[in-house]
2 protein chains.
Amino acid sequence: MKSSTRKTEATLPVLRKISASAVMRALVSGATLDATGLMEATGLSRPTVLTVCDELLKLGWVSEIETSSRLAARSGRPSRRFTLNAAAGYVLGIDLGATKLQICLADLAGTIVSEHSERWRDEHVGAPERLMVARRAAWEVLAQAGVEPSKVMAAGMAVPAPVRPNGHAVALESYLPGLAALDLRLALLPDFDWPLIVDNDANLAVIAERWLGIAQDVDDVVVLLSGERLGAGIYLGGQLIRGGGAAGEMRFLELVEGVGNTDAIGGMCRELGAIAAAEILDGERPGHANDSELLQQCGGIPASMEAEMVINAARKGDPAAREVLEVVTERTARVIAVVATFLDPQMIVLSGGPAGAGDVLIPSLNKELDGLNSAHPHLAASTLTDHAPLLGAVRVALNHAFASLLV
Amino acid sequence: MKSSTRKTEATLPVLRKISASAVMRALVSGATLDATGLMEATGLSRPTVLTVCDELLKLGWVSEIETSSRLAARSGRPSRRFTLNAAAGYVLGIDLGATKLQICLADLAGTIVSEHSERWRDEHVGAPERLMVARRAAWEVLAQAGVEPSKVMAAGMAVPAPVRPNGHAVALESYLPGLAALDLRLALLPDFDWPLIVDNDANLAVIAERWLGIAQDVDDVVVLLSGERLGAGIYLGGQLIRGGGAAGEMRFLELVEGVGNTDAIGGMCRELGAIAAAEILDGERPGHANDSELLQQCGGIPASMEAEMVINAARKGDPAAREVLEVVTERTARVIAVVATFLDPQMIVLSGGPAGAGDVLIPSLNKELDGLNSAHPHLAASTLTDHAPLLGAVRVALNHAFASLLV
DNA sequence: AGGAAATATATAAAAGGCGTTAATAAACGC
DNA sequence: GCGTTTATTAACGCCTTTTATATATTTCCT
């Protein structure tokens with residue numbers, strides 16, 4: 001509660017740390033820079049830049065590009081060129097999803113060097129079983145990339161549940177039996193003897209969108225992650241909003257008119273299929289031919305109707321499909337209206353299932369939103385497919401790895 | 001949108017600034033410290049502390065307490081004792097409220113040295129008229145305290161409307177005709193030639209609660225400021241959440257079941273009286289004597305019923321009053337439930353009208369909240385009466401004044 | 001082709017600042 | 001006068017900057 005009264009660190013080596021940090025910051029993006037470039041990027045003088053680089057070189061964080069083949073042959077003495085030594089360390093990203101496990105190994109540049117994905121099988125009923133699978137998979141991606149376990153500097157993990165501020169334990173009941181009872185840090189030992197950062201999947205999704213996705217450099221953005229459940233990742237004022245760990249939980253939607261329950265929102269895409277099927281089975285309504293595009297899409301078997309089919313039919317302009325879509329978008333728009341008006345973000349990103357249908361959904365949502373007395377931020381669909389929480393996990397693990405270097 | 005790539009500031013004087021900042025930080029609370037105390041507070045060595053103090057002394061930010069009368073007479077050479085020079089500068093706090101103007105002058109220690117309050121009169125119909133009153137009042141509080149205008153370092157102003165990120169203009173339509181069309185910074189020139197920080201009243205209220213109120217050192221807190229309208233001041237992760245300036249606007253409540261419109265919430269207290277009057281006029285309902293406590297409170301004239309009377313009757317256990325209260329608290333609880341569940345703050349503070357009835361309202365709200373599927377943070381009533389936005393304005397002005405000194 | 005001039009970079013040297021520790025001086029109570 | 005606490009001074013080490021010098025490469029001239 002009390003903000004820690006940190007001691008002043010006004011001793012001289014701090015300056016060196018600031019300088020080193022500035023240099024690292026210029027290099028973490030993956031760029032290759034010479035001393036002149038680093039001087040411009042950091043504002044430091046040449047002697048300082050070079051001594052810092054020599055130190056970082058010795059520590060292994062930075063590597064020097066051999067200058068044998070000169071690309072840009074300018075006159076003058078050739079410059080030493082520096083780049084982040086991506087192989088100096090690695091991080092693990094893990095998405096303990098509702099339906100499947102995703103895991104990857106990334107180097108310090110954030111490049112994914114190996115990955116693995118598998119759907120949960122029937123015997124993976126509880127948290128302990130699934131963590132077992134995750135442990136095995138971790139060793140597998142390491143072996144696959146030929147990376148020594150000692151080179152792993154941190155691991156990040158996404159879970160579809162609120163996470164306590166300590167970053168090791170799940171705060172509330174979740175989709176997965178036994179998960180809330182575990183301290184994940186302890187549960188993964190001794191296999192994971194590296195630092196583990198656990199966070200909510202929606203929180204990590206918004207971090208990923210800001211890192212590699214549609215919300216780069218946007219400081220006020222909310223990601224609505226729609227899967228088995230609906231979660232919001234709230235990033236405001238340039239930082240992730242966690243509250244007591246459960247910020248962004250959407251249970252409050254039970255109180256919002258015309259939305260229905262939370263599950264219905266979460267299963268937005270599943271619901272699309274169900275409603276469309278019901279529409280058809282309801283019989284021939286005036287103006288809607290029974291052999292509509294919808295029927296074609298599902299091969300004439302309404303029960304097999306999937307969300308994607310409805311979206312496809314809507315894309316082709318089928319009126320029945322559009323009508324079904326409207327039922328669902330009207331609901332979603334109200335959710336967005338609440339979030340947008342209360343938090344006033346610059347952008348709201350749709351992630352998870354609905355993101356793939358952004359071309360159809362977003363114009364529709366924009367229209368609905370105009371009809372409500374609501375703030376109207378920029379609506380965008382995620383382009384990270386189902387990798388957002390995984391990439392967010394990589395990012396927080398990287399942040400942890402760099403934390404000792406960056407001021 | 002793009003976070004500015006700030007140049008590295010790794011030059012030597014930065015160390016001095018860090019040290020000076022640490023010393024100032026130890027003194028801004030108003031404490032009087034000797035070198036030993038400052039060494040403990042900052043972690044710096046004695047020579048550094050003393051040189052920094054000499055500099056601050058010369059700049060006028062710090063004053064030295066004469067050591068003539070020794071309070072704690074210990075052996076050894078007496079220590080020089082330093083304190084913030086509160087009279088080095090002053091700030092203005094202004095609350096351009098819906099019903100009245102409040103203005104005060106505070107010194108650098110945050111002590112209010114003069115203040116003035118006046119209700120708007122009929123001729124003060126629009127923003128220009130009210131700003132004129134504020135200008136006059138500013139000169140008045142200055143004269144009252146005998147402070148030179150040149151000693152004013154900044155002014156903070158609370159307005160009951162969302163404010164643009166630039167801090168000078170109101171973002172949305174507001175209670176006050178013409179306010180949204182003005183750039184307040186320009187509108188107050190040439191009288192105000194000092195820096196002006198304008199912000200939403202609820203935002204400033206939460207800052208005040210963290211500074212002097214019930215939420216000191218709480219890093220995740222929401223203030224619900226209820227007056228003519230309802231606004232939320234959202235402070236999460238140790239910082240104020242502004243979004244695009246309109247975060248905390250409660251228009252979204254129109255979408256929440258069982259709440260009614262925003263005005264009804266805002267006028268929570270006014271409404272209490274109205275409902276109670278209607279209850280009585282409705283006639284004798286079984287179990288409720290017509291000559292109840294309620295009637296006594298209003299002197300037998302239901303039309304004159306005020307919120308305070310209902311609260312008083314409820315305090316005495318009057319069942320009819322309690323019933324009326326329940327209607328209103330049920331509504332308010334839903335608002336709190338939405339905010340609490342979505343943002344998961346540690347604490348929610350009731351400010352404005354309802355705060356005075358906290359002893360009655362809060363137990364009632366806690367009970368209602370338990371009945372909803374909601375997060376349940378600590379509920380507290382503000383103790384700052386109607387001064388919260390004003391004190392918040394003082395605080396942000398002080399922050400601005402200190403900004404050049406503190407890292 | 002060979003060599004000098006031009007150019008850009010690397011390295012070395014000197015200067016100025018800062019905080020720390022250690023030593024010295026000052027002020028007070030007993 | 002002695003012990004104690006604090007203030008002040010001195011010496012040291014460290015960091016970045018500027019200035020000057022050395023180095024490596026290309027370009028241009030003969």
Side-chain angles (χ1 to χ4, degrees), chain A residues 6-24 26 32-58 62 64-83 405 407, chain B residues 6-26 32-58 62 64-83 407:
Chain A
R6 69 175 187 285
K7 286 289 173 197
T8 318
E9 199 55 60
T11 155
L12 272 242
V14 169
L15 286 190
R16 173 53 50 91
K17 184 151 190 175
I18 293 173
S19 302
S21 179
V23 170
M24 279 301 286
T32 297
L33 293 170
D34 60 4
T36 310
L38 286 171
M39 287 168 66
E40 282 170 11
T42 62
L44 297 166
S45 70
R46 188 179 298 275
T48 305
V49 164
L50 287 173
T51 46
V52 164
C53 281
D54 283 336
E55 277 177 24
L56 292 173
L57 222 44
K58 197 177 298 179
V62 161
E64 191 169 349
I65 301 284
E66 281 315 313
T67 181
S68 55
S69 71
R70 304 220 54 73
L71 301 175
R74 301 197 310 280
S75 70
R77 176 171 174 170
S79 55
R80 300 166 68 191
R81 302 169 74 229
F82 303 95
T83 187
L405 280 208
V407 173
Chain B
R6 68 174 187 285
K7 288 288 173 193
T8 317
E9 198 56 56
T11 155
L12 276 229
V14 168
L15 285 190
R16 175 51 53 90
K17 183 151 190 175
I18 293 174
S19 301
S21 178
V23 171
M24 280 301 286
R25 229 176 272 276
T32 297
L33 293 170
D34 60 3
T36 310
L38 286 171
M39 287 168 66
E40 283 170 10
T42 63
L44 296 166
S45 69
R46 187 180 299 274
T48 304
V49 164
L50 287 172
T51 48
V52 164
C53 282
D54 282 337
E55 276 177 25
L56 292 172
L57 222 44
K58 197 176 298 179
V62 162
E64 190 168 349
I65 301 285
E66 280 315 312
T67 180
S68 55
S69 72
R70 306 219 52 72
L71 301 176
R74 301 197 312 280
S75 71
R77 175 171 176 170
S79 54
R80 301 168 67 190
R81 302 169 72 230
F82 303 96
T83 188
V407 172

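To find a chain, count down the sequence lines: A is the first, B the second, and so on, and within it residues start at 1. Values in this document were obtained by computation on a predicted structure and should not be read as measured data.
- For the pair A/Val23/A/Glu55, no side-chain contact is recorded, criterion being any heavy-atom separation below 4.5 Å from C-beta on.
- Residues A/Leu50 and A/Arg80 have side chains in contact (heavy-atom distance under 4.5 Å, counting atoms from C-beta outward).
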Close N/O contacts between protein and nucleotides 14-16 of chain D (under 3.5 Å):
| residue | atom | partner | partner atom | Å |
| --- | --- | --- | --- | --- |
| D/dT16 | OP1 | A/Leu15 | O | 3.1 |
| D/dT16 | OP1 | A/Arg16 | N | 3.4 |
| D/dT16 | OP1 | A/Ser19 | OG | 2.6 |
| D/dT16 | OP2 | A/Arg16 | NE | 2.9 |
| D/dT16 | OP2 | A/Arg16 | NH2 | 2.5 |

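- Considering B/Leu44, B/Val49, B/Thr51 as possible partners of B/Ser19, the one that fulfils the side chain to side chain contact (heavy atoms under 4.5 Å, CB included) test is B/Leu44.
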Between N or O atoms, less than 3.5 Å apart, protein on one side and nucleotides 9-13 of chain C on the other: list the pairs.
| residue | atom | partner | partner atom | Å |
| --- | --- | --- | --- | --- |
| C/dT9 | OP1 | A/Thr36 | OG1 | 2.9 |
| C/dT9 | O4' | A/Arg77 | O | 3.4 |
| C/dA10 | OP1 | A/Arg80 | N | 2.8 |
| C/dA10 | OP2 | A/Arg46 | NH1 | 3.1 |
| C/dA10 | O4' | A/Arg77 | NE | 3.4 |
| C/dA10 | O4' | A/Arg77 | NH1 | 3.2 |
| C/dA10 | O4' | A/Arg77 | NH2 | 3.2 |

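- Atom CD1 of B/Ile65 and atom CZ of B/Phe82 lie 10.5 Å apart (nearest 0.5 Å).
- Side chains of B/Met24 and B/Val62 form a contact here, defined as non-hydrogen atoms less than 4.5 Å apart.
- Between A/Ser45 and A/Thr48, the shortest heavy-atom contact is OG-OG1, 3.1 Å.
- Two residues are said to be in side-chain contact when any heavy atoms from C-beta on lie closer than 4.5 Å; B/Arg46 and B/Leu38 fail this criterion.
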